[in-house]
Amino acid sequence: MSVITRFAPSPTGHLHIGGARTAIFSWLLARQSGGTFLLRIEDTDTVRSDASMTEGILASMTWLGLDWDGEPIYQSQRFDIYNDYIDTLMATGNAYWCSCTPDEVEAMREKARAEGRKPKYDGCCRERGLGPGPGRVVRLRAPLAGATLVNDFIKGPISFENTELDDMVLRRSDNTPTYNLAVVVDDSTMGVTHVIRGDDHVNNTPRQILIYNALGLPLPAFGHVPMILGADKKKLSKRHGATAVFEYQSEGILPEAMLNCLVRLGWSHGDQELFTREELLKSFSIDHLGISASVFDREKLLWLNQHYIKECPLERLRALLAPFLAARNLPEASAGYMDGFLPMLQPRSRTLVELAEQAEIFLAPDDALPMDPAAVAKFLTAEVKPHLAALAEIFATVTPFAHAELEAAAKAYLETNELKFKAIAQPLRVALTGRTASPGLFETMEALGKEKALARLARV
RNA sequence: GUCCCCAUCGUCUAGCCUGGUCCAGGACGACGGCCUUUCACGCCGUUAACAGGGGUUCAAAUCCCCUUGGGGACGCCA
């Protein structure tokens with residue numbers, strides 16, 4: 001039987017790294033076996049749902065390279081289907097109308113809590129034989145005894161006493177279906193074989209199984225992946241810094257780094273740390289999914305990102321970098337010029353933001369190159385300036401204007417003047433780049449080209 | 001409060017199912033060194049963990065129980 005998985009985000013927020021990870025696992029499970037990966041937008045809450053969030057979620061999925069089959073399915077367009085199922089449940093005696101108000105139900109919960117029991121609806125309308133009416137909801141007639149077993153393919157078997165579960169609402173008083181009902185109907189009609197979702201849904205699973213049973217529908221396989229926590233081991237939230245995928249994108253993280261980082265959170269393949277998309281599709285197995293929560297480590301993501309930046313082909317890197325250069329108001333340059341300095345910056349950048357920041361050395365107009373005042377004061381001293389001027393004259397005659405030749409010329413000058421390289425290295429660097437840290441001096445000069453390099457030396 | 005889940009270096013994890021090969025391996029980080037014109041890269045090394053207590057067993061990180069700690073869920077949200 002072919003595998004069918006789905007990712008079912010609710011458009012009430014951005015795609016978080018936790019959601020992204022479950023999406024990755026679902027995607028891998030489907031794609032590695034030639035199965036189907038579906039996308040469903042859970043927007044039954046018409047008030048909290050926001051279409052622009054859906055767009056953002058789809059954009060983040062696409063950025064990560066998680067392609068889905070067919071068009072996204074919107075629950076908001078399937079209310080008729082859900083209502084048919086609710087009617088069936090009603091007709092078969094598996095559901096009933098309830099006239100209790102939210103306040104009344106809340107009072108029941110309070111009472112139960114006060115008595116040390118699990119807060120839940122007490123089933124008072126179960127046998128009243130009520131019909132439809134304003135303010136009334138439809139509830140599931142859940143079993144009062146026995147247990148419901150969740151055979152989780154990640155966490156193992158989990159058993160719930162049915163007395164812990166209550167008669168959940170299936171249709172709200174405004175006639176819209178609730179989450180649990182919609183999920184069951186959708187997963188069933190979409191033919192989903194493997195439901196992979198966050199740990200926070202384990203408690204919903206027995207409830208959904210009850211609905212499957214009442215409807216006489218076969219169960220899919222359920223697998224719940226552990227949560228991702230912040231550095232303080234608390235549920236990931238805003239105060240932990242970036243939690244949304246798009247934030248990492250704008251920080252200059254490469255999608256392959258994000259994917260690699262997320263997939264290794266809670267899943268492993270021996271000691272392997274780096275995975276190409278192809279390797280993931282080949283190696284991924286639910287057998288090696290972890291069962292305990294993990295803390296998201298920004299440093300490891302940065303390390304991975306640097307790795308992928310180093311490996312990135314120049315043509316793609318130029319494309320990735322373009323928006324970050326634009327954000328710094330740096331002028332565009334030819335591919336040939338860019339390719340002259342990009343390789344030197346790759347091992348020095350953990351993000352595209354850092355890469356753009358360093359590219360300023362090469363892209364800023366010579367008369368607008370930012371000069372670090374402290375560096376200027378420290379290194380461009382009166383004693384050293386004559387030497388820089390003399391070197392500039394020598395460099396002007398060097399052919400070709402390449403790092404080996406430039407270095408040889410500089411060394412010769414130093415020797416005749418009995419100077420140490422250290423004496424002019426930093427001054428030269430500051431004059432050329434405005435900073436104290438940069439790629440190799442002569443490589444930088446070569447990349448800048450004769451005209452720009454000499455123009456910069458002439459400024460000091 | 002009630003229910004459910006989890007527990008190996010600071011972090012991600014291997015090992016656990018099928019006890020001995022583990023005085024616990026890898027990676028990130030940190031620290032130190034090499035390289036070196038700066039900053040990086042790279043290379044080498046160091047640091048650091050089986051939560052605690054009981055069992056079972058010749059033998060337990062691995063199996064069982066308890067405790068503690070952590071997380072999640074208890075909505076006419078998803």
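Below, all heavy atoms of this structure are taken into account, side chains as well, without hydrogens, waters or symmetry copies. Below, chains carry the letters A, B, ... as their sequence lines are ordered, and counting in each starts from 1.
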Checklist entry - B:C34 pairs with which nucleotide, Watson-Crick or G-U wobble, both distances below 3.5 Å? => result B:G42
Could I get a table of every N or O pair under 3.5 Å where one atom is in the protein and the other is in nucleotides 8-12 of chain B?
| unit_1 | atom_1 | unit_2 | atom_2 | d |
| --- | --- | --- | --- | --- |
| B:U11 | OP1 | A:K233 | NZ | 3.1 |
| B:C12 | OP1 | A:V295 | N | 2.7 |
| B:C12 | O2' | A:R264 | O | 3.1 |
| B:C12 | O2 | A:K300 | NZ | 3.4 |

Next on the checklist: What is the separation between atom CZ on A:R6 and atom P on B:A78, rounded to the nearest whole Å?
Outcome noted: 14 Å
Checklist outcome for this item: When both distances are under 3.5 Å in a Watson-Crick or G-U wobble arrangement, the nucleotide paired with B:G69 is B:C6
Checklist entry - To the nearest angstrom, how far is A:I228 atom CD1 from B:G71 atom P? => result 16 Å
Next on the checklist: What contact category does A:D174 fall into here, base, sugar-phosphate, or nothing, at under 4.0 angstrom with non-hydrogen atoms?
Outcome noted: nothing
Next on the checklist: Roughly how many Å apart are B:G70 and B:U8, using the P atom of each and rounding to a whole number?
Outcome noted: 15 Å
Next on the checklist: On the side chain of A:D199, is there an atom forming a donor-acceptor pair with the base of B:G72 - under 3.5 Å, no angle test?
Outcome noted: no
Checklist entry - With both distances kept under 3.5 Å, what pairs with B:U11, Watson-Crick or G-U wobble? => result B:A27
Next on the checklist: Please report the distance separating the P of B:G25 from the corresponding atom of B:U46, rounded so that it comes out in whole Å.
Outcome noted: 11 Å
Checklist entry - So A:K155 and A:D199, salt bridge (Lys or Arg N to Asp or Glu O under 4.0 Å) or not? Walk me through it. => result CA-CA 10 Å; A:K155 302 172 91 80; A:D199 220 345; 3.0 Å; yes
Item to check | A:F275-A:W267 aromatic ring centre distance below 6.0 Å | outcome: yes
Checklist entry - Does the A:R117 side chain pair with the main chain of A:E164, one donor and one acceptor, at a distance under 3.5 Å? => result no
Checklist entry - Roughly, in whole Å, what's the span from CZ in A:R117 to P in B:U2? => result 12 Å
Checklist entry - For atom C1', what is the distance between B:C6 and B:A48, given to the nearest Å? => result 23 Å
Checklist entry - Taking the side chain of A:V137 as its heavy atoms from C-beta onward, which of B:A78, B:C74, B:C76 lies nearest to it? => result B:C76
Next on the checklist: If I pick the C1' atom on B:U2 and the same atom on B:C58, what distance separates them, to the nearest angstrom?
Outcome noted: 44 Å
Next on the checklist: Does A:T12 reach a base, just sugar-phosphate, or nothing at all? Heavy atoms under 4.0 Å.
Outcome noted: nothing
Checklist entry - Which heavy atom of A:R435 sits nearest a heavy atom of A:E357, and at what distance? => result NH2-O, 3.0 Å
Next on the checklist: Please report the interatomic distance CG(A:L64) to CE(A:M61), rounded to the nearest 0.5 Å.
Outcome noted: 8.0 Å
Next on the checklist: Distance check, P atoms only: B:A49 and B:A61, in whole angstrom units.
Outcome noted: 15 Å
Next on the checklist: Considering every strand and a 4.0 Å limit on heavy-atom distances, what is the contact class for A:V202: base, sugar-phosphate, or nothing?
Outcome noted: nothing
Item to check | Sole residue of A:R141, A:R139, A:R126, A:K120 in salt bridge (Lys or Arg N to Asp or Glu O under 4.0 Å) with A:D167 | outcome: A:R126
Item to check | 5'-most by nearest nucleotide on RNA chain B - A:K120 or A:L301 | outcome: A:L301
Next on the checklist: If you assign A:H269 and A:R139 each to the RNA chain B nucleotide with the nearest heavy atom, which residue ends up on the more 5' nucleotide?
Outcome noted: A:H269
Checklist entry - Given atom CE of A:M168 and atom C1' of B:A73, what is their separation to the nearest angstrom? => result 14 Å
Checklist entry - Is any side-chain N of the basic residue among A:R264 and A:E273 closer than 4.0 Å to the acidic one's carboxylate O? => result yes
Checklist entry - Which one is paired to B:C22, where only Watson-Crick or G-U wobble pairs with both distances under 3.5 angstrom count? => result none
Item to check | Interatomic distance where CG belongs to A:D166 and P belongs to B:U2 [whole Å] | outcome: 18 Å
Item to check | A:D152 CG - B:C6 P separation (whole Å) | outcome: 10 Å
Item to check | Pairwise C1' distance for B:G33 and B:U47, with rounding to whole Å | outcome: 14 Å
Checklist entry - Parallel, tilted or perpendicular: which describes the rings of A:H194 and A:F153, with under 30° parallel and over 60° perpendicular? => result perpendicular
Checklist entry - Going 5' to 3' along nucleotides 36-47 of chain B, which nucleotides have protein heavy atoms under 4.0 Å from the base (write B), which only from the sugar-phosphate (write S), and which from neither (write -)? => result -BBBBSS-----
Checklist entry - Contact class for A:R109 vs. all strands (heavy atom < 4.0 Å): base, sugar-phosphate, or nothing? => result sugar-phosphate
Next on the checklist: With rounding to the closest Å, how many angstrom separate the P atoms on B:C63 and B:U21?
Outcome noted: 15 Å
Item to check | Interatomic distance where OH belongs to A:Y179 and P belongs to B:A73 [whole Å] | outcome: 12 Å
Item to check | Rounded distance (nearest 0.5 Å) linking atom CG of A:N305 with atom CG of A:L254 | outcome: 5.5 Å
Next on the checklist: Only pairs with both distances under 3.5 Å count, Watson-Crick or wobble alike; so what is the partner of B:C74 in this structure?
Outcome noted: B:G1
Checklist outcome for this item: A:L380 and A:P427 have their tightest heavy-atom pair at CD2-O, 3.4 Å
Item to check | Separation of B:C76 P from A:N180 CG (nearest whole Å) | outcome: 11 Å
Checklist entry - Are A:D45 and A:T12 close enough that some pair of their side-chain heavy atoms sits under 4.5 Å apart? => result no
Checklist entry - Hey, does A:S173 reach any base, or is it just sugar-phosphate, or nothing, if we go heavy atoms under 4.0 Å? => result base
Checklist entry - Contact class for A:H224 (heavy atom, under 4.0 Å): base, sugar-phosphate, or nothing? => result nothing
Item to check | A:Y82 and A:T178, any side-chain heavy atoms less than 4.5 Å apart | outcome: no
Next on the checklist: Suppose you measure atom P in B:C28 against the same atom in B:G45; what distance do you get, rounded to whole Å?
Outcome noted: 13 Å
